[in-house]
Amino acid sequence: MNSNKTPDRSVTTQLYQFLGGATVGAIMIAVPYSVTSIPFDSLHIGIAAFFVLVCGTLASQFGSSFIETLSKLLANTGLY
C-alpha cells in the first residue's frame, strides 16, 4: 500500500510525462527568443536548460494536471 497517497504510475508513464513537460517548457522558452532579439549566450542557455528540466521534473511528479497548467499559461500569453 502506498503511504503518501499518490497513485502508482509506471516508469514509461512518468517518462512520457517528463518529456511532455520538458517539451512545453522548451516551447515556453523558444517563443520569447523567436519574437525578440535577446542575445543567446551561455547564461541564457543554462537558465533555459534549468527551466526545461524543472518543467519536466514537475510534470513527471504531478502528472497531466501540471502539463495542462503549463499549456494554459502558454495559451494566455497571447503570442500565437
Side-chain angles (χ1 to χ4, degrees):
M1 180 164 207
N2 204 354
S3 63
N4 58 5
K5 297 182 182 178
T6 57
D8 291 330
R9 296 180 303 194
S10 68
V11 174
T12 41
T13 302
Q14 287 184 344
L15 178 65
Y16 285 141
Q17 288 176 342
F18 175 84
L19 292 175
T23 301
V24 173
I27 291 170
M28 292 179 73
I29 293 293
V31 167
Y33 280 104
S34 66
V35 296
T36 61
S37 61
I38 299 172
F40 206 60
D41 58 357
S42 60
L43 176 66
H44 289 112
I45 291 172
I47 292 171
F50 178 73
F51 182 75
V52 168
L53 289 175
V54 166
C55 286
T57 303
L58 289 175
S60 68
Q61 284 292 322
F62 296 115
S64 61
S65 63
F66 184 76
I67 297 173
E68 290 173 10
T69 303
L70 281 180
S71 298
K72 287 178 186 176
L73 181 67
L74 183 62
N76 289 335
T77 60
L79 294 174
Y80 52 90

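Since this is a predicted model, take the numbers as computed values, not measurements. Residue indices begin at 1 and follow the sequence shown.
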Can you confirm whether more than 12 heavy atoms, excluding those of Phe18, are under 6.0 Å from its CZ atom?
yes
Donor-acceptor pairs under 3.5 Å, side chain of residues 59-66 to any protein atom, not counting sequence neighbours: which ones?
unit_1	atom_1	unit_2	atom_2	d
Ser60	OG	Thr57	O	2.9
Ser65	OG	Phe62	O	3.2

Please report the interatomic distance CG(Leu19) to OG1(Thr12), rounded to the nearest 0.5 Å.
11.0 Å
Among the clusters formed by ILVMFWY side chains lying less than 4.5 Å apart, do Leu58 and Met28 turn up in the same one?
yes
Any link between Tyr16 and Ile27 through a network of hydrophobic side chains (Ile, Leu, Val, Met, Phe, Trp, Tyr) touching at under 4.5 Å?
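No, no single cluster joins them.
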Donor-acceptor contacts, no H, no angles, side chain residues 36-55, under 3.5 Å, sequence neighbours left out:
unit_1	atom_1	unit_2	atom_2	d
Thr36	OG1	Pro32	O	2.6
Asp41	OD1	His44	N	3.3
Asp41	OD1	His44	ND1	2.5
His44	ND1	Pro39	O	3.0

